[in-house]
Participant: 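Got a structure here, written out as structure tokens. Questions coming.
Naming convention: chains lettered A, B, ... in sequence-line order (proteins, then strands); numbering from 1 in each chain. Basis for what follows: all heavy atoms, side chains included, without hydrogens, waters or symmetry-related copies.
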Amino acid sequence: MDRYSRQILFKKIGESGQKEIGKKHAIILGVGALGTHTSETLARAGIRKLQIIDRDYVEMSNLQRQHLFTEEDAIKKWPKAEAAKNRLQQINSDVEIEAIVAQADEVLLERIIEDVDLLIDGTDNFETRFLMNDIAHKYDIPYIFGSCVGTFGMAFTIIPGETPCLQCLLKKLPLQGQTCDTVGIIAPTVQMVTAHQSAEALKILSGNRKAVRKTFVSFDLWENEYVSLKADALKSKDCLTCGEDCTFPFLQADSNMKVAVLCGRDTVQIRPVDGVPILLEQLADRWRSAGFEVGGNPFLLSIVKEGTRVVFFKDGRALVHGTKNPDEARKIYHSLIG
Amino acid sequence: MDRYSRQILFKKIGESGQKEIGKKHAIILGVGALGTHTSETLARAGIRKLQIIDRDYVEMSNLQRQHLFTEEDAIKKWPKAEAAKNRLQQINSDVEIEAIVAQADEVLLERIIEDVDLLIDGTDNFETRFLMNDIAHKYDIPYIFGSCVGTFGMAFTIIPGETPCLQCLLKKLPLQGQTCDTVGIIAPTVQMVTAHQSAEALKILSGNRKAVRKTFVSFDLWENEYVSLKADALKSKDCLTCGEDCTFPFLQADSNMKVAVLCGRDTVQIRPVDGVPILLEQLADRWRSAGFEVGGNPFLLSIVKEGTRVVFFKDGRALVHGTKNPDEARKIYHSLIG
Amino acid sequence: MNKILLFAQLKEQAGSNTLALDVSGKTVKELRDYLESETDLGSLTGIMIAINEEFATDETIINAEDVIALIPPVSGG
Amino acid sequence: MNKILLFAQLKEQAGSNTLALDVSGKTVKELRDYLESETDLGSLTGIMIAINEEFATDETIINAEDVIALIPPVSGG
């Protein structure tokens with residue numbers, strides 16, 4: 001019995017739709033709550049290739065809603081993209097999976113975007129979403145937006161040249177809204193968003209563009225509310241992402257070190273733009289001989305300095321925990337890595 | 001950081017709701033598509049105890065939509081309940097999980113129903129659902145119904161004494177409707193049902209009975225349809241399950257061997273009612289010495305006789321593959337096991 | 001005129017997602033009989049019927065403009 | 001009278017899931033200003049506004065009985 005037999009039996013997909021899915025390549029940007037769910041569904045569905053991008057590592061507080069990860073992943077602080085890849089390959093060894101442990105910036109996306117059929121939103125911030133929105137339109141690739149918090153969620157499928165884009169809908173980068181780290185979230189909310197994202201993904205990947213949902217879905221699972229909203233009126237000719245004179249403003253790179261306070265996490269991320277790889281083993285040796293306690297794994301180093309925990313990744317990026325002060329974080333970063 | 005911190009941050013649950021969840025015990029009946037999803041969500045959410053019941057073993061064609069399972073589980077033909085338990089314990093070792101590899105009949109349910117706070121529907125047939133519906137009302141336990149096929153699904157939360165029950169809604173055991181084995185299914189359909197089932201489960205388990213959805217939800221993800229239907233008018237005083245003179249008709253046991261043709265699977269299941277355990281090793285030896293090819297694992301034996309594959313479980317139950325003829329199946333069964 | 005929303009296999013049997021029929025004045029039971037004899041929907045035994053987002057008993061009378069939904073139970077899971 | 005459906009944090013800020021206000025005749029932009037000054041909803045910058053299940057631009061004029069939904073973008077994922 002073919003492993004995809006039940007999907008092929010669904011006649012809107014059928015043999016021909018299954019063949020199409022088996023030729024397709026998607027990028028899932030962020031493998032936290034949303035991205036672990038959509039990547040599992042697409043791997044099980046028999047997509048040809050998945051690139052999964054995440055800058056973070058697994059923590060115990062992720063396990064409540066982030067599929068694919070186990071307690072062991074959290075104890076080892078395994079990078080999310082690598083931990084997800086391990087599990088996805090156990091689920092379907094035929095799918096080509098590339099784990100990318102990095103911040104998804106314009107440089108990275110421009111490098112890997114060739115030959116991509118679909119972009120799926122698994123991120124937790126609108127800066128990255130606006131970047132995806134720009135990339136999607138520059139390269140004419142469908143982009144499936146999703147976000148959620150508490151028991152409230154939303155999903156919308158953006159088809160360049162047809163639907164309004166994320167900038168048309170939101171105009172500008174939203175002021176900080178609610179995040180999972182400030183008001184919490186329950187796992188079914190995630191699943192409701194990803195059920196919609198994955199259904200739209202399977203329509204697009206199987207060649208059923210006409211079946212794609214044209215409305216913006218929003219729901220509250222606690223309040224038992226579900227709305228499906230037409231969005232056409234918001235499509236703007238003047239939009240800088242999808243309008244007549246588009247400039248893709250979120251693809252214009254800065255040239256400095258990027259420092260970001262991670263919302264609600266009491267953590268600052270520091271990231272050199274060119275991302276010269278750092279040599280973790282060499283650094284670990286140096287720090288240990290200086291008397292520091294150093295932990296980690298082949299993908300990252302964890303060090304405690306003056307009560308502050310800092311985690312370094314191979315691309316030179318660091319997470320400075322226990323602070324929201326960028327300058328303080330910069331100082332600790334520089335004191336450790338020069 | 002507490003592993004449930006994001007769920008506790010959601011203030012309708014909070015510290016007190018999380019404590020409640022951590023005291024609760026649910027039965028998930030069937031760990032196929034629906035049951036693997038809901039059991040994963042409740043294990044991640046920190047429930048105290050899950051009993052997961054399934055009579056079947058993992059096959060390759062399950063992997064497209066049944067979470068928790070891997071290619072290795074399918075190759076080993078691991079029983080679904082045991083394979084699910086393995087994975088669930090890697091996800092959350094604090095949850096007490098009991099895997100029950102058996103047909104869920106009235107005898108089994110009556111034996112394990114004590115101290116149960118919630119029944120969740122993960123089954124693929126209405127005979128078992130009507131049994132759950134009766135048990136739920138006999139012991140005053142909420143029962144969360146769900147079913148799906150193709151891109152169409154439905155969910156409804158049944159609270160004994162408040163809502164109509166499954167018999168009120170359906171009147172009698174439905175004539176064979178569509179099944180996943182006849183019209184297929186895609187995984188997002190499952191996730192849409194389980195997002196609803198799991199959200200209701202978390203409301204009930206965290207002590208938020210008032211938030212429970214009162215409507216029957218039905219949707220089609222391909223057609224982008226979603227309806228939420230009031231059901232109160234169907235509650236019947238004459239209902240044999242939840243009415244004034246209830247007799248729980250589906251708890252009246254037969255006393256004979258039960259033989260069932262499994263819908264669309266070209267398989268007959270044969271099951272002795274009293275379920276005297278059979279000794280698999282002894283049988284395997286006997287069959288091998290008679291020249292049969294015998295495979296299996298600690299939970300089941302697989303044997304090919306005259307081109308027909310038969311799989312035996314410890315409780316004396318057998319699946320006879322390659323036939324829909326109960327008599328033929330019975331004959332092969334008896335020829336092997338006496 | 002009444003709009004009748006069809007779900008699951010009923011869509012295929014009707015060749016459409018909805019029907020537009022004037023069935024006002026009929027009870028739900030009469031609606032069942034009428035649809036079975038006058039359309040391609042086939043047997044409606046066991047099909048759940050809702051009127052204006054509310055499940056209805058066999059005795060409920062349909063009004064003009066009522067929106068009707070036919071929900072077949074499916075057994076997959 | 002217009003029914004205004006509130007989502008996410010707006011429910012808490014209003015202490016209710018819906019508001020009932022007569023805002024007919026106003027444009028969506030005027031609605032924003034009005035709600036910001038006359039209710040506890042706080043800043044509505046960046047909040048998406050739909051009328052009768054359709055997102056509306058700032059210039060759209062609200063009619064009597066229109067149902068309005070206020071959808072705040074949330075960033076979690």
Side-chain angles (χ1 to χ4, degrees), chain A residues 1-13 37 40-41 44-46 59-61 63-65 67 69-72 74 87 90-93 150-151 180-192 194-199 202-203 208 211 213-215 221-224 226 228, chain B residues 1-13 37 40-41 44-46 59-61 63-65 67 69-72 74 87 90-93 150-151 180-192 194-199 202-203 208 211 213-215 221-224 226 228:
Chain A
M1 173 90 61
D2 180 58
R3 70 185 288 168
Y4 308 116
S5 59
R6 299 307 186 279
Q7 193 162 281
I8 290 168
L9 261 175
F10 175 63
K11 69 184 183 188
K12 309 283 175 46
I13 291 183
H37 282 79
E40 178 159 3
T41 300
R44 290 190 183 275
E59 295 178 281
M60 286 302 280
S61 65
L63 298 183
Q64 163 254 351
R65 69 200 177 285
H67 277 211
F69 305 143
T70 62
E71 290 176 351
E72 195 185 342
R87 178 66 182 170
Q90 289 168 12
I91 287 169
N92 194 338
S93 56
T151 52
C180 301
D181 300 282
T182 54
V183 297
I185 185 158
I186 64 171
T189 314
V190 178
Q191 291 150 16
M192 185 83 170
T194 57
H196 285 85
Q197 287 185 301
S198 302
L202 289 176
K203 292 173 187 177
N208 285 285
R213 180 187 295 269
K214 289 183 177 54
T215 56
L221 275 176
W222 203 269
E223 303 294 340
N224 310 315
Y226 184 97
S228 168
Chain B
M1 173 91 61
D2 182 54
R3 70 185 290 169
Y4 307 116
S5 59
R6 299 309 186 276
Q7 194 162 281
I8 291 168
L9 261 175
F10 175 64
K11 69 183 185 191
K12 309 283 175 49
I13 291 185
H37 282 78
E40 178 160 2
T41 300
R44 289 188 184 276
E59 294 178 280
M60 286 302 280
S61 66
L63 298 184
Q64 164 254 350
R65 67 198 178 287
H67 277 209
F69 305 144
T70 62
E71 289 177 350
E72 194 185 342
R87 178 67 184 169
Q90 289 167 13
I91 288 169
N92 195 340
S93 56
T151 52
C180 302
D181 300 282
T182 54
V183 299
I185 185 157
I186 63 171
T189 314
V190 177
Q191 291 149 14
M192 185 83 170
T194 57
H196 285 85
Q197 287 185 300
S198 302
L202 289 177
K203 292 173 187 176
N208 285 284
R213 181 188 294 272
K214 291 184 174 53
T215 57
L221 274 177
W222 202 269
E223 304 293 341
N224 310 315
Y226 184 97
S228 168

Participant: Do B:Phe10 and A:Thr189 touch side chain to side chain, with heavy atoms closer than 4.5 Å?
Facilitator: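 No, too far: nothing below the 4.5 Å cut-off.
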Participant: Considering only heavy atoms and a distance below 4.5 Å, find which of A:Ala199, A:Ala74, A:Gly150 pairs most often with chain B.
Facilitator: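 Sorted descending by pairs with chain B, the first entry is A:Ala199.
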Participant: What are the two closest non-hydrogen atoms of B:Ala187 and A:Thr41, and how far apart are they?
Facilitator: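 Result for this residue pair: CB-CG2, 4.0 Å.
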Participant: What is the minimum heavy-atom distance between A:Asn224 and B:Lys203, and which atoms define it?
Facilitator: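 Shortest heavy-atom separation between A:Asn224 and B:Lys203 comes out as OD1-NZ, 2.8 Å.
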Participant: Considering all heavy atoms of both residues, which atom of A:Ile91 and which atom of B:Glu71 are nearest to each other, and what is their separation?
Facilitator: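 Scanning both residues completely, I find the closest heavy atoms to be O-CG, 3.3 Å.
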Participant: Counting heavy-atom pairs under 4.5 Å to chain A, which of B:Val183, B:Leu202, B:Ile186 comes out on top?
Facilitator: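 Ranked by contacts with chain A, first place is B:Val183.
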Participant: Got a second to check how far A:Arg65's CZ is from B:Glu40's CD, nearest 0.5 Å?
Facilitator: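 It comes to 13.5 Å.
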Participant: Do you know which two heavy atoms are closest between B:Arg87 and A:Thr70, and how far apart they sit?
Facilitator: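 Heavy-atom minimum between the residues: NH1-CG2, 3.2 Å.
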Participant: If we define contacts as heavy-atom pairs under 4.5 Å, which of B:Gln191, B:Met192, B:Gln64 has the most with chain A?
Facilitator: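 Ranked by heavy-atom pairs under 4.5 Å with chain A, first place is B:Gln64.
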Participant: Do you know which of B:Ser228, B:Gly46, B:Ser93 has the most heavy-atom pairs under 4.5 Å to chain A?
Facilitator: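 If we count pairs closer than 4.5 Å to chain A, B:Ser93 comes out on top.
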Participant: Looking at every non-hydrogen atom in both residues, tell me the closest pair between B:Arg44 and A:Phe69 and how far apart they are.
Facilitator: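 Heavy atoms only, the tightest pair is NH2-O, 3.0 Å.
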Participant: For the candidates B:Ile8, B:Asn92, B:Ile13, B:Thr194, which exhibits the highest count of non-hydrogen atom pairs separated by less than 4.5 Å from chain A?
Facilitator: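 The residue among B:Ile8, B:Asn92, B:Ile13, B:Thr194 with the greatest pair count is B:Asn92.
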Participant: Is it the backbone or the side chain of A:Gln90 that comes under 4.5 Å from a heavy atom of chain B, or both, or neither?
Facilitator: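 For A:Gln90, the contact with chain B is made by backbone and side chain together.
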Participant: Return the minimal non-hydrogen interatomic distance between A:Ala195 and B:Leu221, and the atom names on each side.
Facilitator: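 Closest heavy-atom pair between A:Ala195 and B:Leu221: O-CD1, 4.0 Å.
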Participant: Just say parallel, tilted or perpendicular for the rings of A:His37 and B:His67, cut-offs at 30° and 60°.
Facilitator: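 Tilted, since the angle between the ring planes falls between 30° and 60°.
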Participant: Calculate, to the nearest 0.5 Å, the distance between atoms CE and OH belonging to B:Met60 and A:Tyr4 respectively.
Facilitator: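 Atom-to-atom, B:Met60:CE and A:Tyr4:OH are 7.5 Å apart.
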Participant: Does any heavy atom of chain B fall under 4.5 Å from the side chain of A:Thr215, the backbone, both, or neither of them?
Facilitator: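 Nothing of A:Thr215, per the 4.5 Å heavy-atom cut-off to chain B.
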